[in-house]
S.K.: 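Structure provided below as structure tokens; questions to follow.
Every chain is numbered from 1, with letters handed out A, B, ... down the list of sequences. Only a predicted model underlies this, so the values are computations on that prediction, with no experimental measurement involved.
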There are 2 protein chains.
Amino acid sequence: MSVDCVIFGFDTKNLNVLLVERTLYNGNSHKPVFSDYTLTGNHIKQGENPDEAAVRILTDLIGKNDIYLEQFHTFGGVDRLTQAKDQQWIKSLGTDIAGQVFTVGYYSLIDCTSVHINDHNSRTVRWFPVNQLPELGYDHLSILRKALEQLQLKVRREPIGFELLSGKFTLTDVQRLYEAILGTTLDTRNFRKKLAQMKYIVPLHEKQQEVRHKPAQLFTFSREIYEKTKKKMSIS
Amino acid sequence: MSVDCVIFGFDTKNLNVLLVERTLYNGNSHKPVFSDYTLTGNHIKQGENPDEAAVRILTDLIGKNDIYLEQFHTFGGVDRLTQAKDQQWIKSLGTDIAGQVFTVGYYSLIDCTSVHINDHNSRTVRWFPVNQLPELGYDHLSILRKALEQLQLKVRREPIGFELLSGKFTLTDVQRLYEAILGTTLDTRNFRKKLAQMKYIVPLHEKQQEVRHKPAQLFTFSREIYEKTKKKMSIS
DNA sequence: GCAAAAGTGTTTCCGCTACACCCATGA
DNA sequence: TCATGGGTGTAGCGGAAACACTTTTGC
């Protein structure tokens, strides 16, 4: 029984996912047998519930624990691990994770510009744009697709996207973000009218600095105001 | 690792849930110690995935296997089973299900007027209106609430409600159903305009019989037409 | 003829869409 | 002064909401 986290990040251009490199070396020649990427995951420890395990995984990797996390689906069945390379990998680990065929999927949203990624068992950890993914191990491609699908549904109903932005952002940042998540383009004027209705997007007394064009107004997301004014508001 | 099914049914008036009675008898006096209800559930067998387990549970109970099923959340953690009565019950079973702290929640939609409920280990199985629930065991009340919440979200996006109606239904049936699921009332004329756009609601050459009022037109749901004309259509 | 539910149209309002130009800044 | 993105308003359309009376049947 394990947890896998689909960690989404945003860098003012692309929606990214954090992936861990997995390279299997030949025991004798030490040449790589194969190399691909996987989601960050771990087994659920004794006495933990899935939410706690997900928080632990995130905390280990990112160092903070106030991260947006959302459970989206549980995957199971032996067919999750039947690719030849996955079998090789599992065998090489020695530990018997073969029985660990269930995984609870979480997605999390973080501002990847303001975060330091900790070492993950000295394996390479990298951001990939969701539309330029490398080869993935196990069934992680389908887990990732499902996560994105659920994120797209959720973001139309609730203002969860702000977790992906830093504390201060411009309205253009928000638009780029929604465009990246939804995979569409949006009309700037109409989009801003929508945002203007959302009272929890609060203007700061501050503008962009050191840009070689008209500096944009900065805003911040107020969770308190959001909680008070929860209404059905949808984007797109 | 287990699966719990929240089985929703509709009887032209109420949205119902199928629950199983759980009565613990004192070993000596054979008097009931407590009595409450639980969802239908079972552990996941070796080699099964959660979907298969859910189908099995439904098939055992209902006898057919073409039932609408939707995974909605996974619950875990030791706190699921900490009520005193749950501990008593688990102890009485002898079998060690204490380690079985994870459960994958599914909801299913069936037409409860056209179904025969099989015996469930000779325990009483009953429909309860979702707004008149009995006392529930374990954390099944919160599982049920989550299921209903997810059902409400889903039914606004996709025409899944028809699984709850029999093959032939009137437009009023559909309205009562949506009102029951969403817990609201809906304007008849506007609701019918919505339904009229849904080409997969097909009129039959048939009307209600033996009603002491103007007989209503009967309709049926065509999945084929739905699959062809999938568009974003929402109710509410 | 009465009770009971079926069935039907129109008007109003609001939100969504489409669309183009001026502004402030740094280089 | 130019390049770059920031920022703004309006008109038209279409879907959502509000709302009341006639019809058909069984009794």
S.K.: What is the distance from CD of Gln208(A) to P of dG6(D), rounded to the nearest Å?
M.R.: 7 Å
S.K.: Using 30° and 60° as the class limits, which term best fits the ring planes of Tyr226(B) and Tyr200(B): parallel, tilted or perpendicular?
M.R.: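 The arrangement is perpendicular - the two ring planes meet at more than 60°.
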S.K.: Tell me the interatomic distance from His213(B), atom NE2, to dC27(D), atom P, rounded to whole angstroms.
M.R.: 11 Å
S.K.: Would you please classify the geometry between the Tyr138(A) ring and the His140(A) ring as parallel, tilted or perpendicular, with 30° and 60° separating the classes?
M.R.: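 Rings of His140(A) and Tyr138(A): tilted, as their planes differ by 30° to 60°.
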S.K.: In terms of side-chain heavy atoms of Asn190(B), which of dG7(D), dT24(D), dA17(D) is nearest?
M.R.: dA17(D)
S.K.: Among dA6(C), dG5(D), dC16(C), find the nucleotide with the atom closest to the side chain of Lys194(A).
M.R.: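 Comparing dA6(C), dG5(D), dC16(C) against the side chain of Lys194(A), the answer is dC16(C).
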S.K.: If you pin Asp187(A) and Glu210(A) to their nearest nucleotides in DNA chain C, which one's is more 5'?
M.R.: Asp187(A)
S.K.: Taking the side chain from Gln175(A) and the backbone from Leu186(A), do they hold a donor-acceptor pair closer than 3.5 Å?
M.R.: yes
S.K.: Rounded to the nearest angstrom, tell me the gap between atom CD in Gln217(A) and atom C1' in dT8(D).
M.R.: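 Value for this atom pair: 14 Å.
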S.K.: OP1 or OP2 of dA6(C) sitting under 4.0 Å from any side-chain N/O of Thr172(B)?
M.R.: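 True: Thr172(B) side-chain N/O within range (under 4.0 Å) of dA6(C) OP1/OP2.
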S.K.: Nearest-Å distance, NZ (Lys207(B)) to P (dT25(D))?
M.R.: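 Lys207(B) atom NZ is separated from dT25(D) atom P by 7 Å.
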S.K.: Mapping Val211(B) and Arg212(A) onto DNA chain D by nearest heavy atom, which one lands closer to the 5' end?
M.R.: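 Its nearest nucleotide being more 5', the pick is Arg212(A).
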S.K.: Given atom CD of Gln175(B) and atom P of dA5(C), what is their separation to the nearest angstrom?
M.R.: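 Rounded to whole Å, this separation is 13 Å.
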S.K.: Is a side-chain donor or acceptor of Thr103(B) paired with a backbone partner of Ser2(B) at a separation under 3.5 angstrom?
M.R.: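 Looks like yes, one N/O pair under 3.5 Å.
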S.K.: Please determine, for the side chain of Lys193(B), which listed nucleotide (dT10(C), dC19(D), dG6(D)) has the closest atom?
M.R.: dT10(C)
S.K.: Any side-chain N or O of Arg189(B) below 4.0 angstrom from OP1/OP2 of dA17(D)?
M.R.: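 So the side-chain polar atoms of Arg189(B) never come under 4.0 Å of the phosphate oxygens OP1 or OP2 of dA17(D).
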S.K.: Using whole Å, report how far CZ of Arg192(A) lies from P of dT17(C).
M.R.: 17 Å
